[in-house]
Amino acid sequence: MNQKLNYRHQSREHLQSAKDELSANSDHRLKFAALELRMAMECLTYDRALGFKDEFPPSEYDTWQPRKMLAVLLEIDPLADQDSTLAVGVEAAPGVPAASMQSLGSEKVLNMRMLKSHYDALGSYLHVPSLKQSRDGPPLDFKKLRARCEAIATFVEQVLASPIFNITLGNFAGLVCMECGKPMRKRLPHGEKEVKAECFQCDASYTIIVEGDGKVFWKPHQQEVGCANPNCQEKIFIWNRELKVGREWECNGCHGRNILGLGVIYVEDAKQDGRSSSAPGGASA
Ligand SMILES: [Zn+2]
Ligand SMILES: [Zn+2]
């Protein structure tokens with residue numbers, strides 16, 4: 001997502017095409033308006049994601065459905081789909097809200113409610129009705145589709161007309177990853193005492209513990225694992241995300257090879273161990 005993509009501009013073009021199709025006043029051309037409006041909504045969602053590019057997990061880059069993408073953004077910031085107004089003012093004393101605030105404008109964003117109620121519904125007009133729908137379903141209601149398209153076009157137009165956009169304000173904690181050195185930045189939602197953070201470049205993950213007074217502690221998610229050679233005392237730290245069957249490393253002490261694997265633990269008398277089993281001799285991993 002690092003290339004300069006102007007999704008807002010693209011969205012504007014799709015909106016214009018949709019309006020052209022709607023103004024043709026032909027039921028036959030409504031499906032083209034529906035398609036253009038869906039694309040306009042996709043562009044707006046991608047544009048919103050670009051506003052969170054430092055926090056958006058690269059593993060989600062393939063996501064194209066706006067609803068799934070917005071769900072990821074809402075996980076990052078619960079306010080990601082809320083309209084907002086930005087205002088500035090000079091505090092008379094530190095911490096005391098300014099008596100007069102100057103508004104810089106408001107932003108209207110494509111929210112989850114809008115996506116849920118319209119995006120999929122438009123999609124149903126973009127396919128030929130199935131055999132079952134043709135037999136049992138009501139015929140296509142073009143009047144309803146036109147009203148829906150017009151409502152979406154108005155909404156998208158308002159979003160695109162926002163004088164300010166992609167405002168993401170928040171409290172952030174920063175750390176240079178202990179494993180790979182990549183700078184990490186994580187939003188700290190108001191009131192949260194512990195926040196999980198994953199490095200996007202390596203397997204490191206952390207819990208950020210908010211200690212108050214602007215101080216945070218990054219606790220690495222690591223396990224100490226000893227060399228499996230009974231004659232060797234060497235230990236290494238493994239990130240929790242690396243704890244997978246087949247992960248291997250060469251021991252720095254004895255230079256042998258260690259491989260993580262699944263194990264079976266045998267208990268001679270299962271009842272004494274507090275567990276009961278009706279399958280004698282059965283082992284389970
Ligand atoms: Zn890292
Ligand atoms: Zn060893």
Side-chain angles (χ1 to χ4, degrees), residues 1-5 45-64 68-80 166 168-267 285:
M1 258 199 304
N2 48 8
Q3 68 257 61
K4 269 261 169 269
L5 292 166
T45 317
Y46 299 164
D47 186 55
R48 193 80 185 132
L50 282 180
F52 288 84
K53 63 180 186 304
D54 290 347
E55 304 166 73
F56 196 81
S59 55
E60 304 284 351
Y61 278 21
D62 279 344
T63 308
W64 63 268
K68 281 193 188 161
M69 195 165 235
L70 190 52
V72 174
L73 295 182
L74 287 171
E75 224 169 83
I76 296 171
D77 179 4
L79 303 177
N166 283 343
T168 63
L169 297 174
N171 233 338
F172 291 87
L175 176 84
V176 170
C177 177
M178 297 172 189
E179 179 68 26
C180 71
K182 184 185 160 71
M184 294 176 65
R185 189 162 167 268
K186 186 76 190 178
R187 186 180 297 265
L188 303 175
H190 185 74
E192 296 272 331
K193 292 270 175 274
E194 289 194 2
V195 179
K196 299 246 183 306
E198 291 192 342
C199 177
F200 292 154
Q201 189 162 285
C202 73
D203 279 325
S205 60
Y206 306 83
T207 296
I208 305 169
I209 299 161
V210 180
E211 296 179 325
D213 287 335
K215 287 201 197 83
V216 294
F217 172 69
W218 290 67
K219 189 174 140 207
H221 295 169
Q222 287 180 321
Q223 304 286 329
E224 196 180 51
V225 182
C227 176
N229 174 356
N231 303 318
C232 176
Q233 305 300 314
E234 192 75 12
K235 288 180 172 138
I236 66 161
F237 284 97
I238 298 186
W239 292 97
N240 286 6
R241 286 160 75 194
E242 285 181 294
L243 287 173
K244 289 177 191 142
V245 170
R247 158 87 164 89
E248 56 175 271
W249 69 97
E250 188 192 317
C251 175
N252 275 336
C254 65
H255 300 288
R257 209 151 58 104
N258 282 294
I259 304 169
L260 291 181
L262 285 176
V264 179
I265 297 166
Y266 176 74
V267 180

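Residues take their numbers from the sequence shown, with the count starting at 1. Counting convention: from 1, in listed order, for ligands and their atoms alike.
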Check your understanding: Does the side chain of Asn166 come under 3.5 Å of the side chain of Arg48 through a donor N or O and an acceptor N or O?
Key -> yes
**Study point:** For His255, all residues meeting side chain to side chain donor-acceptor pair (under 3.5 Å), sequence neighbours excluded
**Key:** Glu250
Point to revise | Phe56, Trp64, Tyr61 screened by side-chain contact (heavy atoms from CB on, under 4.5 Å) with Met69, the one that passes | key: Phe56
Study note, to complete from the structure: Counting only protein N, O or S atoms and ignoring waters, those under 2.8 Å from the Zn ion (ligand 2) are Cys227 SG, Cys232 SG, Cys251 SG, Cys254 SG
Check your understanding: Roughly how far, to the nearest 0.5 Å, is OH of Tyr206 from SG of Cys177?
Key -> 3.5 Å
Donor-acceptor contact below 3.5 Å, side chain [X] vs main chain [Y]:
| X | Y | answer |
| --- | --- | --- |
| Arg247 | Asn258 | no |
| Glu55 | Phe52 | no |
| Arg185 | Gly174 | no |

Without placing hydrogens or testing angles, list every side-chain donor-acceptor pair under 3.5 Å for residues 219-230, not counting sequence neighbours.
| unit_1 | atom_1 | unit_2 | atom_2 | d |
| --- | --- | --- | --- | --- |
| His221 | ND1 | Ser205 | OG | 3.0 |
| His221 | NE2 | Thr207 | N | 3.1 |
| His221 | NE2 | Thr207 | OG1 | 2.5 |
| Gln223 | NE2 | Asn240 | OD1 | 3.3 |
| Asn229 | OD1 | Asn231 | N | 2.9 |

Review point. In terms of heavy-atom contacts, does CZ of Arg257 have more than 12 from other residues, nucleotides or ligands at under 6.0 Å?
Key: no
Point to revise | Sum of protein N, O or S atoms, each under 2.8 Å from the Zn ion (ligand 1) | key: 4
